[in-house]
Amino acid sequence: MLIFHLLREVTVEYGLRQGEFAARNGMHPTDVRALICLLDAERAGTDATAGWLGARLGLNSAGTTAVVDRLERLGHVARVRDTRDRRRVLLTVEDRAKELGRAHFGPLVDGAVALLGGFEEGEREAVRRFLTGVRDLMSNVGDVRAVSDGEES
């Protein structure tokens, strides 16, 4: 249980840092989560549409539109026509948002990378397996809850 409690502490602290970033940059905490989702999509080579983002954030279309509109107004996100399907609009993170994120979270990222550099490869693999497993558990718990909620109504 100690490791799980430590993970919870880390997520709470990270959430606080996200809140600080949001407040400092005139954003809502959901806006920061949206940027993180969009950056993860970019790293994975995933096309990010408003529908995809809304599903990731658990928002309806009106809520998603509000988030994207705020981020676009702040110059953090752009709506871009998909070159393969002109009917589709993709969301991209602007360099300005990446620079702001790097300025705020860079020391944390650099520190974590340095910390992991002190681990042996087998230890890093164990950390990867654990975090991937917890992420997958959280996704599956959400799926189970959604099914349960649907059956109860």
Side-chain angles (χ1 to χ4, degrees), residues 1-68 70-72 74-78 90-153:
M1 288 302 292
L2 175 61
I3 290 174
F4 181 80
H5 291 160
L6 287 169
L7 177 62
R8 187 185 63 206
E9 287 180 44
V10 167
T11 59
V12 167
E13 285 296 321
Y14 190 68
L16 291 172
R17 301 297 85 75
Q18 287 178 316
E20 290 169 357
F21 178 79
R24 186 173 294 148
N25 293 288
M27 296 167 34
H28 186 277
T30 302
D31 300 343
V32 178
R33 289 196 308 273
L35 284 173
I36 291 168
C37 287
L38 293 171
L39 289 168
D40 289 347
E42 183 179 295
R43 273 190 295 281
T46 300
D47 288 344
T49 63
W52 176 89
L53 181 62
R56 298 283 300 167
L57 296 173
L59 297 175
N60 62 25
S61 62
T64 303
T65 298
V67 168
V68 174
R70 281 193 307 266
L71 291 172
E72 190 175 43
L74 290 168
H76 298 319
V77 166
L90 303 177
L91 304 173
T92 61
V93 179
E94 298 285 6
D95 289 340
R96 168 178 156 53
K98 293 175 186 177
E99 291 163 9
L100 285 173
R102 180 73 181 146
H104 186 83
F105 294 104
L108 173 61
V109 171
D110 294 343
V113 168
L115 180 63
L116 282 168
F119 286 48
E120 295 178 13
E121 181 53 37
E123 294 172 312
R124 287 191 298 272
E125 180 55 30
V127 171
R128 266 191 297 276
R129 270 194 348 264
F130 173 74
L131 292 175
T132 300
V134 171
R135 181 202 59 207
D136 294 348
L137 281 170
M138 291 176 76
S139 294
N140 292 335
V141 167
D143 292 344
V144 169
R145 197 171 334 141
V147 169
S148 297
D149 290 347
E151 291 172 357
E152 292 175 6
S153 38

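Owing to the predicted nature of the structure, the values given are computational and were not obtained by experimental measurement. Hydrogens, waters and symmetry mates play no part in the numbers below; they use all other heavy atoms, side chains included.
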For side chain to side chain contact (heavy atoms under 4.5 Å, CB included), just list the numbers for His76 and Asp31, CA-CA rounded to whole Å, side-chain angles, deciding distance to a tenth of an Å, and then say yes or no. CA-CA 10 Å; His76 298 319; Asp31 300 343; over 6 Å; no

What verdict does the side chain to side chain contact (heavy atoms under 4.5 Å, CB included) test give for Val12 and Glu9, after you've listed the backbone C-alpha separation in whole Å, the side-chain angles of each residue and the deciding distance to 0.1 Å? CA-CA 5 Å; Val12 167; Glu9 287 180 44; 5.8 Å; no

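The CG atom of Leu38 lies 11.0 Å from the OG1 atom of Thr46; values are rounded to the nearest 0.5 Å. The line from OG1 of Thr30 to CZ of Arg70 is 7.0 Å long, rounded to the nearest 0.5 Å. To the nearest 0.5 Å, atom CD1 of residue Ile3 and atom CE of residue Met1 are 11.0 Å apart. With rounding to the nearest 0.5 Å, the separation of CG in Leu6 from OG1 in Thr11 is 10.5 Å.
Between the side chain of Thr132 and the backbone N or O of Arg129, no donor-acceptor pair lies under 3.5 Å.
Residues meeting the side chain to side chain donor-acceptor pair (under 3.5 Å) test with Glu20, sequence neighbours left out: Arg17.
A 6.0 Å sphere centred on CG of Leu16 holds more than 12 heavy atoms belonging to other residues, nucleotides or ligands. Summarising the local packing, CD of Glu120 is surrounded by 12 or fewer heavy atoms from other residues, nucleotides or ligands at distances under 6.0 Å.
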Identify every side-chain donor-acceptor pair in residues 91-98 under 3.5 Å, counting partners at least two apart or on other chains, and give the distances.
from	atom 1	to	atom 2	distance (Å)
Arg96	NE	Leu74	O	3.3
Lys98	NZ	Glu42	OE1	3.3
Lys98	NZ	Glu42	OE2	2.8

Got a list of side-chain donor-acceptor pairs under 3.5 Å for residues 54-68, not counting sequence neighbours?
from	atom 1	to	atom 2	distance (Å)
Asn60	OD1	Ala62	N	3.2
Asn60	OD1	Gly63	N	2.7
Thr64	OG1	Asn60	O	2.9
Thr65	OG1	Ser61	O	2.9

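Heavy atoms only, all atoms of each residue included: Leu100 and Phe21 are closest at O-CE1, 3.5 Å. Residue Cys37 comes nearest to Trp52 through the heavy atom pair O-CH2, 3.4 Å, listed as atom of the first residue, atom of the second, then distance.
The shortest distance between side-chain heavy atoms of Gln18 and Ile36 falls below 4.5 Å.
The pair Arg102-Glu99 fails the salt-bridge criterion, with no side-chain N (NZ, NE, NH1 or NH2) lying under 4.0 Å from an Asp/Glu carboxylate O.
For Tyr14 and Phe105, the distance between ring centers is under 6.0 angstrom.
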